[in-house]
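Here the structure comes first, spelled out in structure tokens, and everything after it is commentary.
Just so it is clear, the structure is predicted and the values come from calculations on it, not from any experiment.
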Amino acid sequence: MTSRATLLVLADGRFPAGGHAHSGGAEAAVKAGRVRDAAGLESFCRGRLHTTGLTSAALAAGAAHGLDPYELDAAADARTPSPALRAAARRLGRQLMRAARATWPGPELDALAAAFPRGAHQPVVLGTAARAAGLGPEDAAHCVAYETVSGPATATVRLLGLDPFQATAVLARLAPAMDEVAAEAAAAARRGVDALPAASAPLLDLTAEQHASWPVRLFAS
């Protein structure tokens with residue numbers, strides 16, 4: 001049975017999964033002048049949510065549904081053309097795995113950790129963690145949808161000195177879109193790996209490669 005409290009633990013930004021070190025592309029967008037204020041942040045987050053956010057949410061929902069993690073990880077690789085973002089996803093996967101195994105120990109997480117010693121893609125780990133915690137595909141998809149926008153929002157507060165009240169208001173306005181993306185992702189996951197969406201954001205891929213080459217940066221990605 002789904003526990004709302006468990007879902008809150010997994011979605012909490014203070015869960016030690018390493019996400020605080022990543023901006024979700026916001027740092028590069030701020031430097032390029034595409035995000036200057038709350039309106040720019042909302043536009044950036046909405047675009048990210050309906051592209052890479054939907055794809056990641058579906059991968060997590062698939063893992064929570066019990067789809068083959070090897071196929072899901074391969075699907076995540078195929079949907080992540082940027083080497084920098086693939087590396088970041090696996091680093092985040094390793095960190096999340098450590099936190100999840102300590103919090104919800106179980107054979108599925110142990111098996112995934114053994115199969116991917118260098119880290120599976122973060123959405124695959126998140127979905128497996130959700131399953132280990134007794135959560136369902138919709139729960140896993142909601143976690144990903146929320147972190148898709150909350151990460152850039154938190155980063156932009158630090159990067160621009162944006163009023164945190166305005167950043168939180170952006171997240172509140174995006175709530176219906178998050179629900180929509182989570183529902184679409186969970187529905188796709190029930191149809192199998194081949195039905196998972198492959199929405200992309202080429203500009204995020206390009207700027208991720210540029211960001212990785214910066215000698216000085218505040219965030220890892």
Side-chain angles (χ1 to χ4, degrees), residues 2-3 6-25 48-49 52-80 82-151 178 181-182 185-186 188-190 192-193 196-198 208 219-221:
T2 295
S3 164
T6 301
L7 176 59
L8 291 173
V9 171
L10 184 58
D12 193 336
R14 291 164 294 188
F15 191 72
H20 66 280
H22 296 260
S23 76
R48 189 167 189 261
L49 179 62
T52 58
L54 172 61
T55 299
S56 296
L59 289 163
H65 191 54
L67 299 182
D68 187 327
Y70 297 95
E71 292 186 21
L72 288 170
D73 196 75
D77 250 359
R79 287 160 170 76
T80 313
S82 162
L85 290 180
R86 286 199 299 271
R90 292 193 183 278
R91 285 197 302 271
L92 284 167
R94 286 197 303 272
Q95 178 67 20
L96 176 58
M97 178 65 77
R98 290 179 60 195
R101 291 176 78 189
T103 309
W104 301 289
E108 287 186 274
L109 285 170
D110 291 344
L112 187 62
F116 296 94
R118 300 181 63 183
H121 276 263
Q122 191 264 6
V124 179
V125 179
L126 190 148
T128 307
R131 185 176 173 87
L135 301 174
E138 293 90 348
D139 301 313
H142 270 102
C143 284
V144 173
Y146 178 70
E147 72 179 17
T148 294
V149 296
S150 63
M178 285 187 255
V181 164
R190 293 190 179 91
V193 175
L196 297 181
F219 292 94
S221 70

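Using a 4.5 Å heavy-atom threshold, the side chains of His121 and Leu59 count as separate. Within the 4.5 Å cutoff, the side chain of Leu109 has heavy atoms near those of the Met97 side chain. Using a 4.5 Å heavy-atom cutoff, the side chains of Leu135 and Thr6 are in contact.
Ring geometry, Phe15 versus Trp104: the interplanar angle falls under 30°, so the pair is classed parallel (tilted spans 30 to 60°).
Met178 CE to His142 NE2: the interatomic distance, rounded to the nearest 0.5 Å, is 9.0 Å. Annotation: the span from Asp139 atom CG to Leu126 atom CG amounts to 10.5 Å, rounded to 0.5 Å.
Scanning both residues, Leu49 and Ala145, for their nearest heavy atoms gives CD1-O, 3.7 Å. Here the shortest heavy-atom pairing between Ala208 and Ser82 reads CB-OG, 3.8 Å. What you find for Gln95 and Gly18 is that their closest heavy atoms are CG-N, 3.5 Å. The two residues Ala141 and Ala185 make their nearest non-hydrogen contact at CB-CB, 4.1 Å. Scanning both residues, Ala64 and Ala140, for their nearest heavy atoms gives CB-CB, 3.9 Å. In plain terms, the two heavy atoms of Leu7 and Cys143 that are nearest each other are CD1-SG, 3.5 Å.
Partner of Arg90 under the side chain to side chain contact (heavy atoms under 4.5 Å, CB included) criterion, out of Val125, Leu85, Asp77: Asp77 alone.
A donor-acceptor pair is defined here as one N or O able to donate and one able to accept, closer than 3.5 Å; no such pair exists between the side chain of Glu147 and the backbone of Ala11. The backbone N or O of Tyr70 lies less than 3.5 Å from no partner atom in the side chain of Asp73, so there is not a single donor-acceptor pair. Arg48 places a side-chain N or O within 3.5 Å of a backbone atom of Gly24 that can act as its donor or acceptor partner. When atom types are taken as modelled, the side chain of Arg79 and the backbone of Ser56 share no donor-acceptor pair closer than 3.5 angstrom. Side chain of Arg131 to main chain of Glu108: no donor-acceptor pair is present (N/O by atom type, distance under 3.5 Å, no hydrogens or angles).
In Arg98, the CZ atom is not crowded: 12 or fewer heavy atoms of neighbouring residues, nucleotides or ligands sit closer than 6.0 Å.
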(Q) Using the rule given for side-chain contact (heavy atoms from CB on, under 4.5 Å), can you reason through Thr148 versus Val144, listing the C-alpha separation, both sets of side-chain angles and the distance that settles it, and then say yes or no? (A) CA-CA 6 Å; Thr148 294; Val144 173; 3.9 Å; yes

